[in-house]
Amino acid sequence: MRRLWLIFAQTCTVCLGLLFVVSTLKPDWLSRVGRATSVVLVQEQTPPSGTNAQGGSAPHQNSYAQAVKKAIPSVVNLYSSKEMRPRHPMFADPLLRRFFGLQDPGPQKTFSLGSGVIVSEQGYVLTNNHVVEGGDLIELVTQDGRKFSAKIVGTDPDTDIAVLKVDGDKLPAITLGNDEKLEVGDAVLAIGNPFGVTNTVTSGIVSALGRNQLGINQFENFIQTDAAINPGNSGGALIDTSGNLIGINTAIYSRTGGTMGIGFAIPVSLAKPVMEQIISTGQVVRGYIGVGFTDLTPEMVRVLDAKTDKGAVIGQVVPGGPAERAGLRRGDIVVAINNKPTGDVTTLRNQISELPPGTKAPVKVARGANEVTLEVEVAKRPKQAAVKQPDE
């Protein structure tokens, strides 16, 4: 009996020793034994060292979650409706209606959707003009589910900007960024209401800056991005990785109606002064000097015997207009205005439009081998409907 007890005691001692060695040198062997009864064998992530006191994990590297949390409450969904009469000639002509026995259907309600950005705690909202154009009823829905009736403060079709106003408490205003510091390749995020599925975030990069001559707006200076922008995103926010507003999503290049990786946003540096004018005066007033321009080509450089290859050529001068009174002539090459160098016609048009009417601006032109600086008194730009070329 004593012999059996000694054998049992020695066996237990050896087993305990082996268990101690295994647990010290190969602890994963024991964890495998414990998982052997699991339905699925999975590998779980170990908690990060940056876990906070409340049990939440530290921010992920390369995550834009903080930027989105900062900006997305300011992006709203817009729903507008307007009455439209049928355009088919059978409905427009009473004789055709009588002949075919048709009833006049009367005005029909049409609905559109888009996005907007709250830019002020006072309830001002930036969006696109084409989102609300002609709308007689505009409803705004915030991310937390609140609904407001919005009224149009003013619009600017030339830049496709509209400003709305809602009355509400604790409206989350977005922080305006500085798009002038943007570089091609910077990461950006687009937030909007594509296809009515409510706030959606897509990411991409700045593909190009200063896009113009696209025929979208009269005054163009777009940020191009490959962040997915779809119908319904118009008027939404383009933000940087800090959650600051750098543009208003406006248009896409598409052959199918959906995103193809080419989207355009109005930079906040253009939208902000337009918005401020609309809020303060209800309209946008732009500068006008009464000239028509054409881009400077290598052929024109040779014909004009110019000493510069940058600028815009004056092709027409309005008789009695500010430019003629200042002494500007056909064939002059404008190389700078208001002490800012210019590049092409689109850039020069934007520069002139930003000049306050009534002010005097120096215009530097190249005439053959000489440079001449003339002072032009800026006038108010006529309404687009009444403008005939030249319109600068």
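Just so it is clear, the values below take in all heavy atoms, side chains as well, and ignore hydrogens, waters and symmetry mates.
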Please output the side-chain donor-acceptor pairs of residues 353-363 that fall under 3.5 Å, not counting sequence neighbours, one pair per line with the distance.
{"residue": "Ser353", "atom": "OG", "partner": "Asn350", "partner atom": "O", "Å": "2.7"}
{"residue": "Thr359", "atom": "OG1", "partner": "Pro356", "partner atom": "O", "Å": "2.6"}

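- Partners of Lys165 according to the side-chain hydrogen bond (donor to acceptor under 3.5 Å, both in side chains) rule, which considers only residues two or more places apart in sequence or in another chain, are Asp167.
- Here the shortest heavy-atom pairing between Tyr288 and Pro382 reads CD1-CD, 3.7 Å.
- Around the CZ atom of Arg329, the shell of radius 6.0 Å holds no more than 12 heavy atoms that belong to other residues, nucleotides or ligands.
- Listed by chain and residue number, Pro194, Ile229, Asn230 satisfy the side chain to side chain contact (heavy atoms under 4.5 Å, CB included) test with Asn233 (two or more places apart in sequence, or in another chain).
- Residue Asn249 holds its CG atom at 8.0 Å from OG1 of Thr225, rounded to the nearest 0.5 Å.
- Between the side chains of Asn244 and Ser242, no donor-acceptor pair is found at a separation under 3.5 Å.
- Screening residues 114-128 for side-chain hydrogen bond (donor to acceptor under 3.5 Å, both in side chains), with sequence neighbours left out, gives Ser120-Gln122, Asn128-Thr250.
- Nearest heavy atom pair, residue Pro172 against residue Ser74, reads O-OG, 2.7 Å.
- Residues that satisfy the side chain to side chain contact (heavy atoms under 4.5 Å, CB included) test with Pro341, not counting sequence neighbours, are absent from this structure.
- Residues forming a side chain to side chain contact (heavy atoms under 4.5 Å, CB included) with Val75 (at least two apart in sequence, or on another chain): Ile191, Asn199, Ala237.
- Not a single side-chain hydrogen bond (donor to acceptor under 3.5 Å, both in side chains) links Gln277 to another residue, sequence neighbours left out.
- A side chain to side chain contact (heavy atoms under 4.5 Å, CB included) with Asp226 holds for exactly one of Ile205, Val188, Ile262, Thr202; it is Ile205.
- For the residue pair Pro267 and Phe222, the shortest heavy atom distance occurs at CD-CA, 4.3 Å.
- The residue from Ile152, Val131, Val166, Val125 that alone fulfils the side chain to side chain contact (heavy atoms under 4.5 Å, CB included) condition with Ile138 is Ile152.
- Residue pairs that meet the salt bridge (charged side-chain N to carboxylate O under 4.0 Å, His left out) test with at least one member in residues 268-294, sequence neighbours left out, are Asp156-Arg286, Asp158-Arg286, Lys272-Glu276.
- Around CD of Glu183, the count of heavy atoms belonging to other residues, nucleotides or ligands within 6.0 Å does not exceed 12.
- Distance alone, capped at 3.5 Å, is enough to place a donor-acceptor pair between the Asp160 side chain and the Asn129 backbone.
- Counting all heavy atoms, side chain and backbone alike, Gly204 lies closest to Ala227 at N-CB, 3.8 Å.
- Not counting sequence neighbours, Glu139 has no partner by the side-chain hydrogen bond (donor to acceptor under 3.5 Å, both in side chains) test.
- By the side-chain hydrogen bond (donor to acceptor under 3.5 Å, both in side chains) test, Arg367 pairs with Asp332, sequence neighbours left out.
- Among residue pairs with one or both ends in residues 233-249, none qualify as salt bridge (charged side-chain N to carboxylate O under 4.0 Å, His left out); sequence neighbours excluded.
- Note on residues 169-180: pairs passing side-chain hydrogen bond (donor to acceptor under 3.5 Å, both in side chains), not counting sequence neighbours, are Asp179-Ser269.
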